[in-house]
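Letters A, B, ... are given to chains in the order of the sequence lines, protein chains preceding strands, and every chain is numbered from 1. Because the structure is predicted, anything quoted here is derived from the model rather than measured.
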Amino acid sequence: MDESNRASSYLDEPANSRLFLVTSKSITEEIIREHFSTFGEIQDIWVVKDKHTKESKGVSFVKFSKSSQACTAMEEMHGRSLAEGTKPIKVFIAQARSSGSHRDVEDEELTRIFVMIPKSFTEEDLKETFKEHGDVEYAIIIRNKNTGESKGLGYVRFHKPSQAAKAIENCDKTFRAILAEPRTKNSSADNDYFSNPRLEHSGNDPGSSSYAFAHESSSFAPGGDTWSSDIITRCLMVSSRAAVTQEQIYGLFDLIPGMDFCEMQIDQYGFSKGQVVVRFNNLGSAVYAKEKLNGFEYPPGNRLSVSYIDDGEDRTSPVGKMAMQLVAAQMMSMVWNGPCGAQLMKTSAGYTAPPVSQKSRVQTDVALPSLKKLVSPDGTVKERLFVIFNPSPLPVDVLEDLFCRFGSLMEVYLVPGRNVGYIKYSDRNSAHDAIALLHGKVVNGVKMKVMLADPPKEESHKRQRTY
DNA sequence: CGACGGGACGC
DNA sequence: CGACGGGACGC
């Protein structure tokens with residue numbers, strides 16, 4: 001085989017680039033190569049033989065470098081005889097080695113693609129766009145069933161697998177074209193892992209992401225600076241239904257600076273009751289720990305409960321708030337940078353505190369305008385900001401809190417693994433106001449450069465991005 | 001200096 | 001009917 005592509009031919013990559021052939025046992029690798037090399041770069045041919053007799057079992061695999069090459073070869077060669085007196089061959093796209101299935105891959109699974117498109121696209125636009133890659137049987141757009149509004153997603157069905165493969169390989173990358181999952185097996189892809197909590201979100205159903213903080217509204221005087229009369233202490237009780245170790249809880253709460261005590265509670269027989277006492281050396285850290293970790297799923301599926309327990313001191317409010325603000329910046333930085341912390345942040349994002357506590361999560365000398373509602377992220381982006389954070393990015397919820405104050409905020413996006421992000425506005429003035437007020441400023445201990453974003457790089461001049 | 005994710009269909 | 005080898009990445 002070609003040593004230049006050993007790695008890529010070893011796996012089924014790209015997808016659907018390997019053929020499964022059924023032939024007469026007399027058909028050799030050389031004969032196969034003669035007939036198939038015209039369709040593209042062959043990375044590997046393997047004629048399956050009996051281990052002992054070395055006789056062909058009439059089964060072969062042909063690995064191409066591209067799916068479109070394999071599909072074209074399949075379409076052209078299926079049913080043809082490769083040598084005098086030999087039976088017509090069968091040609092299929094091979095099942096991925098990892099799939100374990102030996103079922104024939106059907107054209108049905110290879111001819112429909114799934115694409116992301118501008119919301120303004122019609123079915124006709126979609127069909128027109130993709131017909132350059134092959135015969136389009138139909139193009140449909142996924143719409144909201146009530147409003148008829150496009151979801152910015154569509155399907156395109158081609159007549160041949162090679163056409164769908166070419167569309168995926170060659171269409172503008174902003175379409176993010178992939179093969180569509182066959183529809184019959186009731187959409188296992190309808191999950192929603194990527195949804196971000198937004199400021200206007202106010203779901204209150206138990207079990208929803210906001211449940212964990214629903215009761216905390218009473219801990220704050222709405223819009224004010226003082227605590228209610230609920231006790232606040234440096235000492236927390238962590239309760240878990242599932243078995244957890246003291247070390248696990250220690251690791252979790254140690255993400256927050258200032259923990260000085262973590263002890264699993266055991267009964268008189270020495271058994272754990274699923275309760276761990278955690279104490280911090282300052283009120284702010286304790287408040288922060290409760291806010292971030294109450295309701296946190298750890299391990300996944302097990303919702304931790306965190307509440308204050310009386311330690312006989314530290315009941316006053318202003319101190320707690322000051323301490324919390326100080327510890328917030330450190331917490332954010334740590335959580336964002338550490339691998340464990342990143343996971344915590346990602347998962348706990350669903351437990352972002354409701355607007356009542358916003359005042360305390362943004363700490364800055366800047367005189368900020370009041371909170372404004374976010375606008376739909378699906379509208380037209382009029383201006384985009386590019387923000388650089390030093391030393392590390394602020395969390396998305398803090399950024400929404402901050403950048404919504406100029407109005408028309410659509411979306412905050414942080415580039416993974418980098419200290420930069422983008423802010424989308426549906427109104428130019430909002431973006432410019434944000435630059436004027438926030439460029440060069442420090443928020444929660446993080447210095448920001450706020451400027452207009454360059455336009456996204458275009459892979460092609462044929463199509464526009466949706467923003 | 002410091003730059004680009006996301007995603008599923010009425011039988 | 002007709003489904004998975006040989007070789008070996010490089011901390």
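- Listed for the E76(A) side chain is no donor-acceptor partner under 3.5 Å among the backbone atoms of T72(A).
- With the nearest nucleotide of DNA chain C identified for both V47(A) and V22(A), V22(A) has the one nearer the 5' end.
- Remark: ring of F386(A) overlaps the six-membered base ring of dA3(B) in a stacked fashion, centroids less than 5.5 Å apart, planes less than 30° apart.
- For the salt bridge (charged side-chain N to carboxylate O under 4.0 Å, His left out) test, no residue two or more places apart in sequence or in another chain qualifies with R80(A).
- One can place OH of Y422(A) at 9 Å from P of dG5(B), the figure rounded to the nearest angstrom.
- Distance CG (L385(A)) to C1' (dC4(B)): 15 Å, rounded to an integer number of Å.
- R143(A) comes within 4.0 angstrom of nothing in the nucleic acid, heavy atoms only.
- Side-chain proximity of V59(A) to the nucleotides dA8(B), dC4(C), dG2(C) is greatest for dG2(C).
- Taking atom NZ of residue K173(A) and atom P of nucleotide dG5(B), one finds them 13 Å apart after rounding to whole Å.
- Taking side-chain N and O atoms only, R384(A) has no distance below 4.0 Å to OP1 or OP2 of dA3(B).
- At the phosphate of dA8(B), neither OP1 nor OP2 sits under 4.0 Å from any side-chain N or O atom of R183(A).
- Look at NZ on K57(A): it is 8 Å from C1' on dA3(C), rounded to the nearest Å.
- Among the nucleotides dA8(B), dC4(C), dG7(B), the one closest to any side-chain atom of R176(A) is dG7(B).
- Residue R157(A) is out of contact with every strand shown, counting any heavy-atom pair closer than 4.0 Å.
- In summary, the side chains of T86(A) and S81(A) do present a donor paired with an acceptor at a separation below 3.5 Å, with no hydrogens or angles considered.
- When each of dC4(B), dG5(B), dC9(B) is scored by its nearest atom to the side-chain atoms of E411(A), the top-ranked nucleotide is dG5(B).
- Atom CZ of F121(A) and atom P of dG7(B) are 19 Å apart (whole Å).
- Within the structure, a side-chain polar atom (N or O) of R418(A) is placed less than 4.0 Å from OP1 or OP2 of dA3(B).
- The nearest whole Å value for the distance from the CZ atom in F20(A) to the P atom in dC1(C) is 11 Å.
- Taking only distance into account, the side chain of K424(A) meets the base of dG5(B) through a donor-acceptor pair shorter than 3.5 Å.
- Judged by a 6.0 Å distance limit and a 45° cone about the ring axis, R157(A) is not positioned over the six-membered ring of Y138(A).
- Neither side chain, T129(A) nor K127(A), offers a donor N or O lying under 3.5 Å from an acceptor on the other.
- Set against dG2(C), dA8(B), dA3(B), the side chain of K87(A) has dG2(C) as its closest nucleotide.
- Counting any heavy atom pair closer than 4.0 Å across all strands shown, D104(A) reaches a base atom.
- Projected onto DNA chain B by closest heavy-atom contact, I388(A) and Y413(A) fall at different nucleotides, the more 5' of which corresponds to I388(A).
- Interatomic distance, E29(A) CD to I42(A) CD1, rounded to the nearest 0.5 Å: 9.0 Å.
- Counting any heavy atom pair closer than 4.0 Å across all strands shown, K90(A) reaches a base atom.
- N390(A) contributes no side-chain N or O that forms a donor-acceptor pair with the base of dG2(B) under 3.5 Å.
- Between the CG atom of L452(A) and the P atom of dA3(B) there is a distance of 18 Å, given to the nearest Å.
- No engagement by L21(A) is indicated, since no non-hydrogen atom pair under 4.0 Å with the nucleic acid exists.
- For E181(A) and dG7(B), a side-chain-to-base donor-acceptor distance below 3.5 Å is absent, hydrogens and geometry of angles not being considered.
- Which of dC4(C), dC4(B), dA3(C) sits closest to the side chain of A94(A) comes down to dA3(C).
- Counting only heavy atoms from C-beta on, M116(A) has its side chain closest to dG7(B) among dA3(B), dG7(B), dC9(B).
- With sequence neighbours excluded, the residues that form a side-chain contact (heavy atoms from CB on, under 4.5 Å) with T53(A) are D50(A), E55(A).
- Among the heavy atoms of the strands lying under 4.0 Å from I142(A) are primed sugar atoms or P, OP1, OP2 only; no base atom is included.
- Rounded to whole angstrom, the span from the CE atom of M451(A) across to the C1' atom of dC4(B) amounts to 15 Å.
- By the 5.5 angstrom centroid cut-off and the 30-degree plane limit, W46(A) is classified as stacked against the base of dG5(C).
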